[in-house]
There are 2 protein chains.
Amino acid sequence: MRADAQRNAARLRAAAADLFQERGLQVSLKEIARHAGVSHGTLYNLFGSREALIDEVIADLAATRLGDAARAALACPDPWQGFAGYVTEVCELQATDPALGDVLTRRFPDASRLMAVCDNSFAAAESIIDRARRDGSLRPDFTASDLLFFLASHAPLARAAAAAGSDAWRRAVGFMLDGLRAPAGTPLPAEPMTPQQINHLLVEGAAAVSA
Amino acid sequence: MRADAQRNAARLRAAAADLFQERGLQVSLKEIARHAGVSHGTLYNLFGSREALIDEVIADLAATRLGDAARAALACPDPWQGFAGYVTEVCELQATDPALGDVLTRRFPDASRLMAVCDNSFAAAESIIDRARRDGSLRPDFTASDLLFFLASHAPLARAAAAAGSDAWRRAVGFMLDGLRAPAGTPLPAEPMTPQQINHLLVEGAAAVSA
DNA sequence: CCGTAACTTGACCCGGTGGTCAACATGTCT
DNA sequence: AGACATGTTGACCACCGGGTCAAGTTACGG
């Protein structure tokens with residue numbers, strides 16, 4: 001790879017990281033290129049697709065952020081505290097960082113590293129949930145799919161509220177958590193989605209455009 | 001108004017109703033015109049804007065659906081049952097009818113009749129909430145803004161899940177409701193949004209395109 | 001210092017959106 | 001039936017998105 005290509009790739013990565021974190025993963029590629037001071041042809045030349053760019057720019061970041069949160073949760077002596085803290089922390093990431101919000105809300109099948117991060121994250125969530133359920137503090141009918149559903153629905157509003165300077169999303173999380181404490185309140189009227197179902201949902205861009 | 005113009009307006013209204021309920025309030029106006037077998041110029045001529053069309057087509061429908069739900073809630077002898085039933089019913093509307101989902105999720109300032117419906121609905125929700133709070137069954141720190149926040153975040157995922165043939169959104173509603181029973185579980189870590197704040201949020205299209 | 005391979009560029013394609021308007025058609029009233 | 005108002009049409013505008021590629025530029029090894 002020639003030196004100038006490397007430079008351009010670096011610039012594009014930087015611009016992409018900026019814009020992704022500022023406005024979400026769906027910013028136009030031409031705008032990223034513009035922001036990087038480079039022709040959009042170069043972007044396509046160097047990365048080929050939005051998903052590849054996302055994979056290079058966001059996967060690591062997501063892995064560390066989500067990994068940290070999960071590790072902290074499992075390190076917490078009280079399983080419920082660990083669980084509740086995890087949920088809150090992830091929601092905070094959603095409110096704070098549009099890119100991470102989209103990572104939880106959408107799915108990009110061609111971003112293989114990111115997909116791996118998501119899978120790991122899901123597995124970690126299962127551990128955290130499991131621990132709290134076994135502990136008897138989390139209601140036994142709550143599943144990781146339910147968490148993902150909640151996170152996916154929560155992301156856009158949390159982001160918007162935070163952008164508007166409000167913390168109100170914390171209230172929604174609070175209500176939810178209070179509903180999750182054992183013993184189960186009301187029996188649930190439906191089956192959870194399977195991970196495949198929810199995955200499919202997010203690939204389609206469920207929460208997006210609401211279209 | 002000439003007879004043919006009336007005919008065309010009726011066709012356009014019908015097409016708009018169809019497409020709105022099938023795909024949400026953001027379907028392209030040209031597509032509605034196409035679907036009505038009429039030039040898009042005619043649509044602009046007769047209605048002028050998307051919001052005017054929405055106002056004519058959706059406002060009544062929304063008024064009756066939401067009004068029915070609210071009336072049923074207030075008629076329910078048990079305030080908590082009334083509240084829980086109301087929330088569930090509205091969520092069901094969101095899952096079932098993309099147009100109504102959007103009504104709860106977005107705001108169209110130029111659709112004056114629809115805006116009135118929204119305001120009435122908000123007021124009705126306040127009554128329902130108030131009654132359940134006074135009854136002691138609903139936690140006292142829950143506000144109508146919190147409900148609106150929940151509904152707005154819930155709509156897109158509920159719609160997508162329902163479209164995928166899943167009832168899983170009912171679980172989310174169930175968790176939430178269990179978190180709302182008095183006595184308040186955990187003290188809330190933030191102020192609710194004011195109606196103005198949340199309105200502004202929805203006008204901006206917060207939940208949309210997650211953009 | 002020069003030739004070549006690597007790279008960049010921006011015009012261009014496609015399809016989509018909202019929106020306007022001159023030219024044309026048609027209903028309607030006398 | 002005729003004439004005018006009322007409506008309709010679809011080409012056209014500007015903008016956006018993703019994506020391609022011939023032509024021009026630039027880095028780099030010999």
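It should be emphasised that the depicted structure is a prediction, and the values quoted were computed from it without experimental measurement. Letters A, B, ... are given to chains in the order of the sequence lines, protein chains preceding strands, and every chain is numbered from 1.
- By the 6.0 Å contact criterion, CD on Glu191(B) is open, its count of non-hydrogen atoms from other residues, nucleotides or ligands being 12 or less.
- Counting to the nearest Å, the P atom of dG27(C) and the CG atom of Asn8(B) are 10 Å from each other.
- At whole-Å resolution of the value, CG in Asp110(A) and C1' in dG18(D) are 15 Å apart.
- Using cut-offs of 30° and 60° on the angle between ring planes, the pair Phe142(B) and Phe83(B) is perpendicular.
- We find that CD of Gln26(B) is positioned 17 Å from C1' of dC16(D), with the value rounded to whole Å.
- Note on Thr42(A): a base of the nucleic acid sits closer than 4.0 angstrom, heavy atoms only.
- Donor-acceptor pairing under 3.5 Å, judged by distance alone, is absent between the side chain of Lys30(A) and the base of dG10(C).
- In summary, the side chains of Thr105(B) and Asp102(B) do not present any donor paired with an acceptor at a separation below 3.5 Å, with no hydrogens or angles considered.
- Counting to the nearest Å, the P atom of dT20(D) and the CZ atom of Phe47(A) are 16 Å from each other.
- Comparing Glu31(A) and Ser39(B) by the nucleotide of DNA chain D that holds the closest heavy atom to each, the one mapping nearer the 5' end is Ser39(B).
- Where Arg7(B) and Gly41(B) each meet DNA chain C at their nearest nucleotide, the meeting point lying more 5' is that of Gly41(B).
- Between Asn8(B) and Thr42(B), the side chains place no donor N or O within less than 3.5 Å of an acceptor N or O (distance only, hydrogens not considered).
- Atoms CZ and OG1, on Phe149(A) and Thr143(A) in that order, are 11.0 Å from each other to the nearest 0.5 Å.
- When the C1' atom of dA27(D) is taken as reference, atom CZ of Arg2(A) falls 4 Å away, rounded to whole Å.
- Rounded to whole Å, atom P of dG19(C) lies 4 Å from atom OH of Tyr44(B).
- In the set dT8(C), dT8(D), dG27(C), dG27(C) carries the atom at the smallest distance from any side-chain atom of Ala3(B).
- Residue-level contact check: Asn45(A) touches the bases, meaning some heavy atom is under 4.0 Å from a base atom.
- The separation between Leu46(B) atom CG and dT20(C) atom C1' is 15 Å, rounded to whole Å.
- A donor-acceptor contact under 3.5 Å is not formed by the side chain of Ser28(A) with the base of dG17(D).
- Taking atom CG on Leu29(A) and atom C1' on dT20(D), their separation rounds to 14 Å, with Å as the unit.
- Between the side chain of His40(A) and the base of dG18(D), no donor-acceptor pair of N or O atoms lies under 3.5 Å.
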